[in-house]
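Residue numbers count from 1 along this sequence. We count ligands from 1, going down the list as the structure has it; atoms in each ligand are counted the same way.
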Amino acid sequence: MTASNKITITKPDDWHLHVRDNEYLAGVLPHTADRFQRAIMMPNLAEPVTTVDMAESYRDRIIDALPAIYKLTFDPLMTLYLTNRTKVSEIKKARDAGFVHAVKWYPAGATTNSSKGVSDIVACYDVLEAMAEEGMPLLVHGEVTDPHVDVFDRERIFIEQFLEGIIKNFPDLKVVFEHITTKYAVELVEKSSANVGATITAHHMLLNRNAMFQGGIKPHNYCLPILKREEHREALVKAATSGNKKFFLGTDSAPHTRNAKENACGCAGIYTAHGGIELYAEIFDKADALAKLEGFASHHGPDFYGLPRNREKITLTRKKVAIPESFPFGNEEVVPFRAGGELLWSID
Ligand code: DOR
Ligand code: ZN
């Protein structure tokens, strides 16, 4: 086998993940723990994770649901859900607790379980100041919620209306622009200071918006921010494979039951945890940039968060693996990305 058919990298981390709660955890966690050492656990549960105490019990439920071999090794990195009422004292408490690594800003109404999110970011300025002081990163769902704004423009308008101002007003605040989907987001991150980074999903680099409508409506390709035009997909691949330390891996794997997706009012979210690193290997390979995969997947994230890089290694091989039509998910099932198709790379 030639070198480019196999690649060994430091074990990666997933800097943006949804695993849900309770009976749903056990079905999806092994996919992540098989591939990643750590994952940033998004706090948008039905009852959002707004306090350190809630984050601690959610962390315990996650560890309980992990397979025995991962209980001591896999590290769930917890986050808090920002609201208009989050207290400065909670930020200090979060820093002292050690297991809370970031605070997530969902504009109220922007996405799944975001109704209790932030309706007035100015009301959070004291909290943002405390986060800057504590070195606690702000993770941003960057979309405006104004229903008059075209759904494909919501990220671009958010940059203009909110994000540029936050970055300017809080130069010492670490900001992760989550799951970026446009060339405008890439440009903002590139021109900002080293305190501003971004995660990029595999699905936003593999699909453009046609994928939602090819041969009929495809609910399993519906996510938020919504898939964009080809030129934006290309800009994301270019950013991810550039070697720029500001860009790192965040799958935004977001499981929903089949019923919640194949529905007259289908939920947003694409489940990619079953190919959490393999899909990125495919993207980097196609871009002739496999040598840049380790930085993106394993180095840039911990460096940004101020955490140590992992020591273990994993090896990926160019070998096709069939993807099932579904995986068990609670008492129901989740339909994975590319269901019934193939992953082009596999983990040894
Ligand atoms: O597609 C998405 N799904 N985007 C989000 O922002 C949330 C996520 C979810 O929790 O389902
Ligand atoms: Zn997400």
Under 3.5 Å, N or O to N or O, is [X] touching ligand 1 that way?
{"X": "A268", "value": "yes"}
{"X": "L224", "value": "yes"}
{"X": "N44", "value": "yes"}

Mode of R20 contact toward ligand 1 - side chain, backbone, both, neither (heavy atoms, under 4.0 Å):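 The part of R20 near ligand 1 is the side chain, not the backbone.
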Report the part of H256 in contact with ligand 1, treating N, CA, C, O as backbone and CB onward as side chain, heavy atoms under 4.0 Å; options are side chain, backbone, both, neither.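 It is the side chain that gets close, since no backbone atom is under 4.0 Å.
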Counting distance only, does the side-chain N/O of E282 pair as donor-acceptor with the main-chain N or O of W345 below 3.5 Å?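 It does not hold such a pair.
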Determine yes or no for a side-chain-to-main-chain donor-acceptor pair under 3.5 angstrom, with R258 supplying the side chain and V335 the backbone.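 Pair absent, no side-chain N/O of R258 close to backbone of V335.
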So, S346 and T317: side-chain donor and acceptor under 3.5 Å apart, yes or no?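 Per modelled atom types, S346 and T317 side chains form no pair under 3.5 Å.
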I need the NE2(H18)-the Zn ion (ligand 2)-NE2(H16) angle, rounded to 10 degrees.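 An angle of 110° at the metal.
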What's the shortest distance from atom 5 (C) of ligand 1 to any protein heavy atom, and which residue and atom give it?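 Among all protein heavy atoms, the one nearest atom 5 (C) of ligand 1 is T111 OG1, 2.9 Å.
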Under a 4.0 Å threshold between the charged nitrogen and the carboxylate oxygen, would K92 count as salt-bridged to E133?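 Salt bridge: yes.
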For F213, does the six-membered ring have the charged nitrogen or CZ of K218 within the cation-pi criterion, i.e. under 6.0 angstrom from the centroid and within 45° of the normal?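 Not satisfied by the 6.0 Å and 45° rule.
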Under 6.0 Å between the ring centres of H204 and H232?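 Ring-ring flag for H204/H232: false, centres at least 6.0 Å apart.
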Closest to the Zn ion (ligand 2), which N/O/S atom of D252 is it?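 It is OD1 of D252.
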